Amino acid sequence: MHLPADFDAEIYDIVAQIPAGRVVTYGQLARLAGMPGYARRVGRAMAAAPAGIPSHRVVSAAGRTVPGWTAQRELLEAEGIRFRRNGCVDLAHLRDEF
DNA sequence: CGAATGACCTATC
DNA sequence: GGATAGGCCATTC
């Protein structure tokens, strides 16, 4: 509440449009949704992310995967995402928008 | 109603 | 990329 329900829908819509082999950060999602600075609200929306959207393609700005979700790394690896040894996504060529 | 918590970000070193 | 410091918003206790 306190925010247009369109926001969550917007986030889900953007996440659903993420092509395979590409990942986006929360801040990037918030900016694409037209609400820069609301990255935290994006996280809340993602916490309630329904099935049907590739939520595993959403990572933090540091390239860190979701805590508690061990399968996310495997899912991203299967899509061609390069992972560093410490468990962070290689944000080198993933910084570009789509 | 105030403090704590969380799928966080940006800036700087 | 890694570590530290400050700020952001909504939900939960």
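In what follows, every chain begins at residue 1, and chains take the letters A, B, ... in the order their sequences are listed. Just so it is clear, the structure is predicted and the values come from calculations on it, not from any experiment.
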request  = Check every atom of B:dA7, C:dG1, C:dC9 against the side chain of A:Asp90 and return the nucleotide holding the closest atom.
outcome  = C:dG1
task = Classify the nucleic acid contact of A:Thr65 as base, sugar-phosphate or nothing, counting any heavy atom under 4.0 Å across all strands shown.
result = nothing
key: Touch class at under 4.0 angstrom, heavy-atom based, for A:Val15 against every strand present   = nothing
request  = Send over the distance from A:Arg44 CZ to B:dA4 C1', rounded to a whole Å.
outcome  = 13 Å
inquiry  = Any heavy-atom pair between the side chains of A:Val59 and A:Arg64 that's under 4.5 Å?
reply    = no
query = Quick one: does A:Glu79's side chain get under 4.5 Å of A:His56's, heavy atoms only?
reply = yes
message = Can you tell me which nucleotide in B:dA7, C:dG1, B:dT10 comes closest to the side chain of A:Leu91?
response = C:dG1
message = So if I take every side-chain heavy atom of A:Arg84 and compare against B:dC9, C:dG1, B:dT10, which nucleotide ends up nearest?
response = C:dG1
message = Output the rounded distance in Å from CZ (A:Arg31) to P (C:dC8).
response = 17 Å
task = Please report, rounded to the nearest Å, how far the C1' atom of C:dA10 is from the OH atom of A:Tyr26.
result = 16 Å
Least distance between heavy atoms, A:Ala30 atom then A:Tyr38 atom = CB-C, 3.9 Å
ask   = How far does the C1' atom of C:dT4 sit from the matching atom of B:dA7, given to the nearest Å?
value = 22 Å
request  = Rounded to the nearest angstrom, tell me the gap between atom CD in A:Gln28 and atom P in B:dT10.
outcome  = 9 Å
request  = Using whole Å, report how far CZ of A:Phe7 lies from C1' of B:dC8.
outcome  = 12 Å
message = Nearest to the A:Tyr38 side chain among C:dA10, B:dA7, C:dG1, which nucleotide is it?
response = C:dA10
message = Please report the distance, rounded to the nearest Å, between CD1 in A:Ile11 and P in C:dC9.
response = 16 Å
task = Starting at atom CG of A:Asp8, determine the distance to atom P of C:dA10, rounded to an integer number of angstrom.
result = 11 Å
key: From A:Thr65 atom OG1 to A:Ile81 atom CD1, the distance as rounded to the nearest 0.5 Å   = 12.0 Å
request  = Under 4.0 Å between any heavy atoms, over every strand shown, what does A:Gly37 touch: base, sugar-phosphate, or nothing? Just pick one.
outcome  = nothing
message = If you compare every side-chain N and O of A:Arg41 against the phosphate oxygens of B:dC9 (OP1, OP2), does one of them come in below 4.0 Å?
response = no
ask   = Can you find a heavy atom in the side chain of A:Cys88 that is under 4.5 Å from one in the side chain of A:Phe83?
value = no
request  = Please tell me which of the listed nucleotides, C:dG1, B:dC9, B:dA7, lies nearest to the side chain of A:Ala39?
outcome  = B:dC9
request  = Would you mind reading off the distance between A:Met46 atom CE and C:dC9 atom C1', rounded to a whole angstrom?
outcome  = 17 Å
